[in-house]
2 protein chains.
Amino acid sequence: MMYLLNGKEYPCPIELAVSVFAGRWKISIICQLLQGKKRYGELKKNITGVNHKMLAEQLRELEEAGIVKREVYPVVPPKVEYELTELGKGLGPVIDYLREWGEHFQTDATGESLSTANGS
Amino acid sequence: MMYLLNGKEYPCPIELAVSVFAGRWKISIICQLLQGKKRYGELKKNITGVNHKMLAEQLRELEEAGIVKREVYPVVPPKVEYELTELGKGLGPVIDYLREWGEHFQTDATGESLSTANGS
DNA sequence: CGGTATCCTGATAGATACTG
DNA sequence: CAGTATCTATCAGGATACCG
């Protein structure tokens, strides 16, 4: 039994799952889209630090993985909206669990109150 | 508020959590150790494809992250055992969730019954 | 506005060999 | 048996520019 994602085979479902959001900006994107449908520009604005190429690339990969649905409106100027598929929404609880576990490493040593950027 | 792991700062607990097991062999290692304490050689034998340097390196990173505890027996030849810390064991449910989600991508298209290698 | 192509760089993975 | 060091290949991330 194998697990198939984007033409790549994984012997283990866990490794596949991790590969889905191991990309540099994918978590941020998924967190954004868990809040609902968003335009490309909104994502770009909300995810601090991401550049144009990266955002487009990671979105395409998420789309190919069946996590994200892309909707193109044939207007000028172009308008493109992204939202999670049902499969993608299934990541909600996974993300919650990861957040919960990650919070063990919390520190307020820095006086800075940066909050959790990028909608996470 | 920031999240600190191995001297690196993360604005988001989820990204930190992912970084913990994003390494090439870390999932396999954690899955192995969820089964209980293991010697280095056992890990090497059970995790197919990993090489010596990689295994040692990833183990050290997991150790530094406080996920894995390393126990050295001062004997000749050397004997070293690895086990999960309490923090590491807390990854159990996370891993379960990831597995459950990853199984959506299951396929038996290949006649091969490779099973889920590496103890996952 | 949004997508794609090119190029560059640093990080990561792997092979190999030497050490106690 | 287990750890470390060195070298090399590969890839992901990022800056930039051009296209529809």
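Letters go in sequence order (proteins before strands), and every chain restarts at 1. Source: prediction; values computed, not measured.
When the nucleotides D:dT4, D:dG3, D:dG14 are ranked by their closest atom to the side chain of A:Met54, D:dG14 comes out on top. Set against C:dT6, D:dA2, D:dA5, the side chain of B:Lys53 has D:dA5 as its closest nucleotide. Side chain of A:Arg39, nearest nucleotide from C:dT6, D:dA2, C:dG2: C:dG2. With distances taken from any side-chain atom of A:Tyr82 to the nucleotides C:dT4, C:dG3, D:dG13, the minimum falls on C:dG3. The side chain of A:Pro77 lies closest to C:dC1, out of C:dT6, C:dG14, C:dC1. In the set C:dG2, C:dT4, D:dC1, the nucleotide with an atom closest to the side chain of B:Pro78 is D:dC1. Residue A:Trp25 has its side chain nearest to D:dG14 when only D:dG14, D:dA2, C:dG14 are considered. Relative to the side chain of A:Ala56, the nucleotides C:dA13, D:dA15, C:dT4 differ in distance, and C:dT4 lies closest.
Panel note: side chain A:Thr85, backbone A:Ile67; a donor-acceptor pair is recorded below 3.5 Å. B:Trp101 places no side-chain N or O within 3.5 Å of a backbone atom of A:Pro13 that could act as its donor or acceptor partner.
Between A:Asn51 and D:dG14 there is no side-chain polar atom (N or O) within less than 4.0 angstrom of OP1 or OP2. For D:dA12, neither phosphate oxygen OP1 nor OP2 lies less than 4.0 angstrom from any side-chain nitrogen or oxygen of A:Gln58.
Computed from coordinates, the A:Glu57 CD to C:dT4 P distance equals 10 Å when rounded to whole Å. The interatomic distance linking B:Ile29 (CD1) with C:dA13 (C1') rounds to 14 Å, in whole Å. Going from atom CD of A:Glu81 over to atom C1' of C:dG2 covers 13 Å, rounded to whole Å. Put simply, NE2 on B:His52 is 8 Å from C1' on D:dT4, counting in whole angstrom units. Between the C1' atom of C:dC1 and the CD atom of A:Glu71 lies a distance of 16 Å, rounded to the nearest Å. Across the protein-nucleic acid pair, A:Ile47 atom CD1 and C:dG2 atom P stand 13 Å apart, rounded to whole Å. The nearest whole Å value for the distance from the CG atom in A:Leu55 to the P atom in C:dT4 is 12 Å. Between the C1' atom of C:dT12 and the CZ atom of A:Arg24 lies a distance of 15 Å, rounded to the nearest Å.
A:Glu61 comes within 4.0 angstrom of nothing in the nucleic acid, heavy atoms only. As judged by a 4.0 angstrom heavy-atom cut-off over every strand, A:Tyr73 is placed among residues making no nucleic acid contact. When heavy atoms are screened at a 4.0 angstrom cut-off, A:Lys44 is found touching no nucleic acid atom at all.
Between A:Arg70 and B:Gly49, it is A:Arg70 whose nearest contact on DNA chain C lies nearer the 5' terminus.
For the salt bridge (charged side-chain N to carboxylate O under 4.0 Å, His left out) test with A:Glu83, the passing option among A:Arg39, A:Arg70, A:Lys69, A:Lys89 is A:Lys69; the others fail.
In this structure, the side chains of A:Tyr97 and B:Leu98 stay at 4.5 Å or more apart for every pair of heavy atoms.
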